[in-house]
Amino acid sequence: MLVENDAPLAPLTTLRLGGPARRLVTAHTDDEVIAAVREADAAGEPLLVLGGGSNLVIGDAGFPGTVLRIATEGFALDGTALEVAAGETWSEVVHRTVRDHGLAGIEFLAGIPGSAGATPVQNVGAYGQEVAQSITEVVAYDRTADEVVTLSNAECGFSYRHSRFKAEPDRYVVLRVRFRLEDNDGLSTPVRYAETARHLGVEPGARVAVGTAWTAVLLLRSGKGMVLDPADHDTWSAGSFFTNPVLTAAQYDSFRTRPGTEDAPAYPAPEGCTKTSAAWLIDRAGFGKGYGGGPATLSTKHTLALTNRGSATAEDLLALAREIRDGVRAAFGVELVNEPVMVGVKL
Ligand SMILES: Cc1cc2nc3c(=O)[nH]c(=O)nc-3n(C[C@H](O)[C@H](O)[C@H](O)COP(=O)(O)OP(=O)(O)OC[C@H]3O[C@@H](n4cnc5c(N)ncnc54)[C@H](O)[C@@H]3O)c2cc1C
């Protein structure tokens with residue numbers, strides 16, 4: 001277990017901003033993870049669990065407690081049952097299941113930055129797939145009960161970019177994630193997303209070679225600055241900064257009375273709700289690609305990513321985020337909600 005004091009956190013995040021950790025602990029085994037959590041909890045010390053730092057906005061004052069960096073390793077495949085340690089790099093996990101084993105189930109989640117252990121936290125998803133569809137169990141340390149627990153898929157409380165782990169942020173530290181993948185003789189799961197289907201030249205619902213699906217997703221993501229590239233400031237982001245708003249029937253009706261909403265994207269969501277597109281709202285509210293003249297701007301490739309052009313502080317980024325949130329509210333009466341986790345700051 002490596003322990004550092006007053007350790008910079010910005011380099012450990014994909015936004016590359018924010019202040020230092022009072023104490024940074026790097027744990028390489030589950031036992032080290034649990035020991036570090038127990039020690040912090042016993043001392044009444046604030047604890048921040050850190051994976052790849054790709055969904056975090058850390059305030060400029062940093063974190064006044066222990067930041068626990070999960071660096072555990074483990075990839076065990078038995079038939080189509082996969083168990084990975086929380087510290088494994090997610091994009092590598094996906095690549096291995098596709099390249100080495102020809103398995104389907106997570107191929108459309110290629111190129112998403114961060115750790116495997118964080119994927120259940122916000123039910124990571126892209127291009128018509130989300131981890132809730134393939135996770136069977138999550139093994140976690142329960143800080144309240146002080147024991148290791150195994151939660152079934154149903155017990156994880158997954159919904160759109162949400163889970164029990166996000167709902168109870170101070171309770172669970174994910175140690176291992178178990179998936180059930182699919183052996184479709186080298187074919188993918190059905191292509192669900194219209195953009196991917198168009199790119200692949202197939203009808204939605206068709207299957208393609210799993211490696212072809214993986215490559216297509218990486219290409220599409222790269223074109224939007226959604227694959228990490230240290231040389232490209234459009235990828236110095238936390239991915240999508242706002243979730244797609246899910247509107248109740250009444251909210252949706254009121255939204256559609258606003259001028260210019262005739263062609264707003266609309267997708268059915270649970271409980272009679274409608275999901276619309278945050279990127280569309282931002283663009284139509286007047287914040288186009290590259291918007292912002294300062295050290296924090298919208299990505300030049302995607303309106304949904306707020307980026308650090310090199311010298312941005314957390315306050316620079318949040319000022320831009322607030323301007324966009326307020327502009328969308330004024331134009332469309334819709335409240336945008338941040339997707340990344342805020343540490344010591346509020347939108
Ligand atoms: C360029 C880019 C593209 C992205 N594209 C997508 C996308 O397509 N779809 C999508 O869903 N997301 C996307 N994201 C967001 C991000 O990659 C995911 O949310 C990812 O799962 C975060 O993983 P992480 O390890 O970096 O988590 P971190 O940023 O380190 O942490 C995020 C949250 O999870 C908690 N956490 C981390 N590890 C654990 C653990 N082991 N146990 C308990 N809690 C933990 C942290 O405390 C924090 O609250 C993108 C981000 C970037 C930068």
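The figures here come from the full heavy-atom set of this structure, side chains too, leaving out hydrogens, waters and symmetry mates. It should be emphasised that the depicted structure is a prediction, and the values quoted were computed from it without experimental measurement. Remember, it's 1-based here, ligands and their atoms both numbered in the order they're listed. For this chain, numbers begin at 1 and follow the sequence in order.
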- prompt: Contact between Lys166 and ligand 1, counting heavy atoms under 4.0 Å?
  reply: no
statement: Looking only at non-hydrogen atoms, the one of Ala126, Ala116, Ser299, Gly125 nearest atom 9 (N) of ligand 1 is Gly125
- request: Could you tell me which atoms of ligand 1, counted from 1 in the order shown, lie closer than 4.0 angstrom to a heavy atom of Gly239?
  value: 2 (C), 3 (C), 4 (C), 50 (C), 51 (C), 52 (C), 53 (C)
field: Residues in side chain to side chain contact (heavy atoms under 4.5 Å, CB included) contact with Ser237, at least two apart in sequence or another chain
entry: Ala305, Thr307
- prompt: Near Met226, which atoms of ligand 1 are under 4.0 Å from a heavy atom of that residue?
  reply: 1 (C), 3 (C)
- prompt: Should you measure from each heavy atom of Val173, which atoms of ligand 1 turn up under 4.0 Å away?
  reply: 42 (N), 43 (C)
message: For Thr14, which part has a heavy atom under 4.0 Å from ligand 1: side chain, backbone, both, or neither?
response: side chain
message: Tell me whether Arg161 reaches ligand 1 (any heavy atom closer than 4.0 angstrom to a ligand atom).
response: yes
- request: Please state whether Thr235 comes within less than 4.0 angstrom of ligand 1, counting heavy atoms only.
  value: no
- line: For Tyr172, the ligand 1 atoms with a heavy-atom partner under 4.0 Å come out as 43 (C)
statement: Short version for Val124: what comes under 4.0 Å of ligand 1, heavy atoms counted, is both
field: Contact atoms of ligand 1, heavy-atom distance to Pro113 under 4.0 Å
entry: 1 (C), 2 (C), 3 (C), 4 (C), 17 (O), 20 (C), 50 (C), 51 (C), 52 (C), 53 (C)
task: Any atoms of ligand 1 less than 4.0 Å from a non-hydrogen atom of Val121? List them with their elements.
output: 34 (O), 44 (N), 45 (C)
- prompt: For ligand 1, which atoms have a heavy atom of Gly114 less than 4.0 angstrom away?
  reply: 23 (O), 24 (P), 25 (O), 26 (O)
